[in-house]
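Here is the structure we will look at, set down as structure tokens.
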Amino acid sequence: MTARDTIFALGTGAGRAAIAVIRISGPGSGDALQALAGKRPAPRRATVATLHDPATGEALDRGVALFFPGPASSTGEDYAELQLHGGRAVVEGTLAALHRLPGLRAAEPGEFARRGFENGKLDLSQAEALVDLIDAQTEAQRRQALHVAGGALRRKVELWRAALVDALALVEAELDFSDEADVAGCSPARLSALLSPLVEDMRAALRLAPASERMRDGFVVIILGRPNVGKSTLINALTQRDLAIVSAIPGTTRDMIEAHFDIGGLPVTLIDTAGLRDAADEIERIGVDRTLARVETADLALWLSDSGESPPRCDVETIRVATKIDLSPAPEGAIGVCALSGAGLEALVAAIGRRARASLGDGAAALIVRERHRQALEQALESVDAVLIEEGPLELHAEELRRASRSLGRIVGAVDVEDVLDAVFSRFCIGK
Ligand SMILES: Nc1nc2c(ncn2[C@@H]2O[C@H](COP(=O)(O)OP(=O)(O)OP(=O)(O)O)[C@@H](O)[C@H]2O)c(=O)[nH]1
Ligand SMILES: [Mg+2]
């Protein structure tokens, strides 16, 4: 086997900062430390070192160097870290010095994580969860990402695949020894006893999937109402930002304006829309059409009115909000707000928060968190169901069980996933 390249990258964000961390992974990591720091630190011991550019001998920075010999490192290879002052010249000088060392090259996006994956340090579900963890904007998103990154789905899939192996062993034993009388037969009852709990468990995981998938994207709340009822004023007040233009002229908002918002640790996306009316103006009419199309994919609608008008019929759960309660009181059944003074906003946020919580959960039990997982699990379930329902020949049962195991294997990256791997790891930042 040919030795792998040694890769390096800045692991921390670009720009001025207190500290910058440069990561190095591969067989040349120790030599790179030796070249720059003049020594190879003792394994896993933070060691103060002055770094020099080996080409010129000029000092680059004084920082901390760490060395983790493989395979006990995050990538499974020899791995080094330089913790430096986070200045542009320090970082660029150090990266340039590394570049000039033989056998070293700049890392591709996600290449450290991919090496960790290839060396069994994490599976594909955990790698994906690391992307979610870095993207997490709210507490519940973080909780969910951390749960899966910690191996919750990996362990679950291992259990499921083990149950499939047991069932397959039963079927194959029957196929091999079916003419011998003393082998306990692979009766439908025995297969069912093995597979039914598995099917139940898979179904339970699938039931949670929509909530977990939505946790990643956010709970979508669309603000609807006639022109001029105060929709834009409300989104500005709720996000405490000057996002949408407010004016006394009906038909001010035409494009949808989205704002991300944290309610009790849950990600909520608020959308301000064009006021609903039979608009004469073509641009406004396009705005209204877009609003109507977006309602379909929203999780919750707020119907705003300053005149007590009832919401139009729509398939999305709707909260009635009476606006401008400084001018006239809220009717029965509506949450009254005055976006100018802030009155009633707390009650409105609480009502949205309750629905978001009911819809997204709190992330603590998340397993199936993306469409890719859900599709693989659905395929696996289909195969196992076929074994339970159909009275086909045993050879077919064996094939279905193997297919189910392969489908599950795709979730963790154990089988035929080259295409998926490229897609997953290219979404990482460089240095991850
Ligand atoms: N008195 C009072 N006026 C309000 C309140 N909220 C909004 N307004 C006023 O109502 C007018 C319309 O507000 P917008 O927020 O632009 O209304 P909109 O629903 O976004 O209107 P379109 O974008 O045209 O559909 C502005 O003059 C606001 O200042 C409120 O709580 N009380
Ligand atoms: Mg508006």
Side-chain angles (χ1 to χ4, degrees), residues 137 217-264 266-356:
Q137 298 283 331
D217 300 333
F219 184 74
V220 176
V221 181
I222 191 160
I223 303 176
L224 301 176
R226 299 283 175 209
N228 227 32
V229 295
K231 299 180 297 297
S232 300
T233 312
L234 180 68
I235 198 171
N236 289 348
L238 287 175
T239 56
Q240 295 176 344
R241 282 155 64 194
D242 196 11
L243 286 174
I245 299 173
V246 166
S247 91
I249 305 165
T252 300
T253 306
R254 278 110 186 272
D255 280 332
M256 278 178 282
I257 296 174
E258 290 199 13
H260 301 285
F261 186 52
D262 181 329
I263 300 183
L266 295 169
V268 174
T269 301
L270 277 177
I271 306 178
D272 181 25
T273 63
L276 298 174
R277 67 171 171 184
D278 288 329
D281 175 341
E282 160 136 26
I283 298 171
E284 191 183 341
R285 199 162 53 238
I286 295 171
V288 170
D289 288 346
R290 287 190 180 172
T291 301
L292 294 174
R294 190 70 176 88
V295 175
E296 315 251 318
T297 55
D299 299 303
L300 177 71
L302 303 182
W303 172 254
L304 271 57
S305 171
D306 54 5
S307 63
E309 188 186 355
S310 300
R313 280 171 49 84
C314 78
D315 293 336
V316 179
E317 185 186 0
T318 305
I319 296 180
R320 285 181 63 184
V321 181
T323 54
K324 309 187 187 178
I325 52 167
D326 51 318
L327 302 180
S328 59
E332 191 77 21
I335 297 177
V337 301
C338 170
L340 298 183
S341 70
L345 293 186
E346 214 171 293
L348 178 59
V349 168
I352 297 171
R354 277 195 297 280
R355 271 127 183 127

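Atoms within a ligand are numbered from 1 in the order they appear, just like the ligands themselves.
D272 and S232 share a donor-acceptor pair across their side chains, judged by distance under 3.5 Å alone.
Minimum interatomic distance between E332 and R320 (heavy atoms only, all atoms of both residues): O-NH1, 4.1 Å. Of all heavy-atom pairs spanning G251 and P227, the tightest one is N-CB, 3.7 Å. Shown here for D306 and K324, the closest heavy-atom pair between the two residues is OD2-NZ, 3.6 Å.
Proximity of a side-chain donor or acceptor of R241 to a complementary backbone N or O of N236 within less than 3.5 Å is not detected. D299 contributes a side-chain N or O that, together with a main-chain N or O of V220, makes up a donor-acceptor pair within less than 3.5 Å. N228 places a side-chain N or O within donor-acceptor distance of the main-chain N or O of A248, the cut-off being under 3.5 Å.
Screening L266, L270, L300 against F219 for a side chain to side chain contact (heavy atoms under 4.5 Å, CB included) leaves a single residue, L300. In summary, of the residues considered (I271, V295, T318, L302), a side chain to side chain contact (heavy atoms under 4.5 Å, CB included) with L224 occurs for V295 alone.
For the Mg ion (ligand 2), the nearby protein N/O/S atoms, meaning those under 2.8 Å, are S232 OG, T253 OG1.
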Could you go through ligand 1 and list every pair where one of its N or O atoms sits under 3.5 Å from a protein N or O, giving the atom names and the distance to one decimal?
{"from": "ligand 1", "atom 1": "1 (N)", "to": "D326", "atom 2": "OD2", "distance (Å)": "2.9"}
{"from": "ligand 1", "atom 1": "10 (O)", "to": "K324", "atom 2": "NZ", "distance (Å)": "3.1"}
{"from": "ligand 1", "atom 1": "13 (O)", "to": "T233", "atom 2": "OG1", "distance (Å)": "3.4"}
{"from": "ligand 1", "atom 1": "15 (O)", "to": "S232", "atom 2": "N", "distance (Å)": "3.4"}
{"from": "ligand 1", "atom 1": "15 (O)", "to": "T233", "atom 2": "N", "distance (Å)": "2.8"}
{"from": "ligand 1", "atom 1": "15 (O)", "to": "T233", "atom 2": "OG1", "distance (Å)": "2.5"}
{"from": "ligand 1", "atom 1": "16 (O)", "to": "S247", "atom 2": "N", "distance (Å)": "3.3"}
{"from": "ligand 1", "atom 1": "16 (O)", "to": "S247", "atom 2": "O", "distance (Å)": "3.3"}
{"from": "ligand 1", "atom 1": "17 (O)", "to": "G230", "atom 2": "N", "distance (Å)": "3.1"}
{"from": "ligand 1", "atom 1": "19 (O)", "to": "V229", "atom 2": "N", "distance (Å)": "3.3"}
{"from": "ligand 1", "atom 1": "19 (O)", "to": "G230", "atom 2": "N", "distance (Å)": "2.9"}
{"from": "ligand 1", "atom 1": "19 (O)", "to": "K231", "atom 2": "N", "distance (Å)": "2.8"}
{"from": "ligand 1", "atom 1": "19 (O)", "to": "K231", "atom 2": "NZ", "distance (Å)": "2.7"}
{"from": "ligand 1", "atom 1": "20 (O)", "to": "S232", "atom 2": "N", "distance (Å)": "2.9"}
{"from": "ligand 1", "atom 1": "20 (O)", "to": "S232", "atom 2": "OG", "distance (Å)": "2.9"}
{"from": "ligand 1", "atom 1": "21 (O)", "to": "N228", "atom 2": "N", "distance (Å)": "2.9"}
{"from": "ligand 1", "atom 1": "23 (O)", "to": "T253", "atom 2": "N", "distance (Å)": "2.9"}
{"from": "ligand 1", "atom 1": "23 (O)", "to": "T253", "atom 2": "OG1", "distance (Å)": "2.8"}
{"from": "ligand 1", "atom 1": "24 (O)", "to": "G251", "atom 2": "N", "distance (Å)": "2.7"}
{"from": "ligand 1", "atom 1": "24 (O)", "to": "T252", "atom 2": "N", "distance (Å)": "2.8"}
{"from": "ligand 1", "atom 1": "25 (O)", "to": "K231", "atom 2": "NZ", "distance (Å)": "2.8"}
{"from": "ligand 1", "atom 1": "25 (O)", "to": "G275", "atom 2": "N", "distance (Å)": "3.3"}
{"from": "ligand 1", "atom 1": "31 (O)", "to": "A339", "atom 2": "N", "distance (Å)": "3.2"}
{"from": "ligand 1", "atom 1": "32 (N)", "to": "D326", "atom 2": "OD1", "distance (Å)": "3.0"}
{"from": "ligand 1", "atom 1": "32 (N)", "to": "D326", "atom 2": "OD2", "distance (Å)": "3.4"}

